[in-house]
2 protein chains.
Amino acid sequence: MGVSETFKALAAPERRKILDLLKHGKLSAGEISKQFEMSAATISYHLTVLKKADLVTESKYKNYVYYELNTSVVEEVMMWFTELKEGK
Amino acid sequence: MGVSETFKALAAPERRKILDLLKHGKLSAGEISKQFEMSAATISYHLTVLKKADLVTESKYKNYVYYELNTSVVEEVMMWFTELKEGK
DNA sequence: AACCTATTTAGAATTTTATCTAAATAGGTT
DNA sequence: AACCTATTTAGATAAAATTCTAAATAGGTT
């Protein structure tokens, strides 16, 4: 829930790719997993990191787990950058 | 020189604090170091990380090394966020 | 040259991350 | 209930990041 977790989450290309995939809407863990070479367990790990950083939210339907981009945290980090740039 | 390096560099609170210190102008490695409990060697390490991420630039004067914020990379990362948010 | 101050580099120890396989859990369907 | 599919958790291993102390380098001053 802190800025460190957010940046840490964004530091891995795999996780940024996941966010990119989610730009156009919800996807299940499996649908996300298919876009990578890594094991489903590893993708699950990356999804957990993104979830802890509040960059995605999850919802369940049947035996699927859907992930969705959480743009409010993106706003928060943009704010951080703006303040850095403006020397506030 | 990549987005990963930038985010990785920003993920540590010590390094974000260094950037904050540099918001109002150049500081030498020693002046920065004084603001932390850590050894000068460790701060030097963090400065190297920031330098590799292009978040700071360095210049030498006498036996001092001055560090300065590099705002152009900040712009670049803001762009990345904007595209994520706008779903481009 | 000898010395002093500032900073970085080297090497070691510790912690954190990332990945895999195998097993566990959860929800349907037959 | 038995089974199948989707996903996560556990445990192990390997790699990367963080920190320290001690030594090396760089630039002045005396």
Side-chain angles (χ1 to χ4, degrees), chain A residues 1-22 25-70 73 77, chain B residues 1-22 25-70 73 77:
Chain A
M1 252 255 209
V3 187
S4 291
E5 278 65 36
T6 307
F7 283 130
K8 209 174 285 179
L10 291 166
E14 304 81 19
R15 290 192 289 257
R16 291 199 305 279
K17 182 173 168 183
I18 291 174
L19 296 179
D20 268 345
L21 292 171
L22 294 176
K26 288 184 191 191
L27 288 174
S28 72
E31 288 168 327
I32 294 167
S33 192
K34 260 187 295 186
Q35 308 297 316
F36 293 86
E37 305 288 288
M38 289 172 281
S39 75
T42 298
I43 295 302
S44 179
Y45 161 74
H46 285 304
L47 287 169
T48 301
V49 174
L50 289 169
K51 203 168 45 182
K52 278 187 190 158
D54 244 11
L55 283 162
V56 301
T57 56
E58 79 174 20
S59 55
K60 293 174 189 190
Y61 175 67
K62 291 190 173 174
N63 52 342
Y64 300 90
V65 180
Y66 286 91
Y67 287 91
E68 188 170 9
L69 196 59
N70 178 12
V73 174
V77 180
Chain B
M1 249 252 209
V3 187
S4 290
E5 277 65 35
T6 308
F7 283 129
K8 210 174 286 181
L10 291 167
E14 305 82 21
R15 292 192 289 258
R16 290 199 307 278
K17 181 173 168 183
I18 291 174
L19 296 179
D20 267 346
L21 292 170
L22 294 175
K26 286 184 195 197
L27 289 174
S28 72
E31 288 168 326
I32 294 167
S33 192
K34 260 187 296 185
Q35 308 297 318
F36 293 87
E37 305 289 287
M38 290 171 280
S39 74
T42 297
I43 296 301
S44 179
Y45 160 73
H46 286 303
L47 287 168
T48 302
V49 174
L50 289 169
K51 201 168 47 182
K52 278 186 189 159
D54 244 12
L55 283 162
V56 302
T57 56
E58 79 174 22
S59 56
K60 293 173 190 190
Y61 174 66
K62 291 191 174 174
N63 53 342
Y64 299 90
V65 180
Y66 287 91
Y67 287 91
E68 188 170 11
L69 196 59
N70 178 12
V73 174
V77 180

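This one's a predicted model, so the numbers in the text were calculated from it and none came from an experiment. Naming convention: chains lettered A, B, ... in sequence-line order (proteins, then strands); numbering from 1 in each chain.
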### Message
For B/Tyr66, is there any backbone N or O sitting under 3.5 Å from a side-chain donor or acceptor partner on B/Ser28?
### Response
no

Whole-Å distance, B/Glu14 CD to D/dA17 C1', equals 11 Å

In whole angstroms, the gap separating P of D/dT7 from OH of A/Tyr61 amounts to 14 Å

To the nearest angstrom, the CD-P distance between B/Glu31 and C/dT7 comes to 8 Å

Dot-bracket for DNA chain C, 5' to 3', Watson-Crick and G-U pairs with both distances under 3.5 Å, [ ] for crossing pairs, | for partner on another strand, reads ||||||||||||||||||||||||||||||

Has the side chain of B/Asn70 got a donor or acceptor atom that lies under 3.5 Å from a matching backbone atom of B/Asp54?
-> yes

- Query: So does A/Tyr67 get a side-chain nitrogen or oxygen closer than 4.0 Å to the phosphate oxygens (OP1/OP2) of D/dT8?
  - Reply: yes

So CD of B/Glu14 and CG of B/Leu50: to nearest 0.5 Å the spacing works out to 10.5 Å

Protein-nucleotides 3-6 of chain D N/O pairs closer than 3.5 Å?
| unit_1 | atom_1 | unit_2 | atom_2 | d |
| --- | --- | --- | --- | --- |
| D/dT5 | O2 | A/Asn63 | ND2 | 2.9 |

Within the sub-3.5 Å range, which N or O atoms of nucleotides 20-22 of chain C have a protein N or O partner, and how far apart are they?
| unit_1 | atom_1 | unit_2 | atom_2 | d |
| --- | --- | --- | --- | --- |
| C/dC20 | OP2 | A/Ser39 | N | 3.1 |
| C/dC20 | OP2 | A/Ser39 | OG | 3.2 |
| C/dC20 | OP2 | A/Thr42 | OG1 | 2.6 |

When rounded to whole Å, the CD1 to P distance for the pair B/Ile43 and D/dT19 reads 8 Å

The residue, A/Val49 or A/Lys62, whose nearest nucleotide of DNA chain C is more 5′ is A/Val49

When rounded to whole Å, the CZ to P distance for the pair B/Phe7 and C/dT17 reads 17 Å

note: A/Tyr66, atom OH; D/dT7, atom P; distance rounded to Å ~ 8 Å

**Q.** Contact under 4.0 Å: A/His46 side-chain N or O vs C/dT19 OP1/OP2
**A.** yes

Exercise for the section: Describe the nucleic acid contact of A/Lys60 in one word from base, sugar-phosphate, nothing, applying a heavy-atom distance below 4.0 Å. Expected result: nothing

From CG of B/Leu27 across to C1' of C/dT7 the rounded distance in Å is 15 Å

- side-chain contact (heavy atoms from CB on, under 4.5 Å) between A/Glu31 and A/Tyr64: does it pass, once the steps are laid out? CA-CA 10 Å; A/Glu31 288 168 327; A/Tyr64 300 90; over 6 Å; no

Here the distance between atom P of D/dA12 and atom OH of A/Tyr45, to the nearest Å, is 18 Å

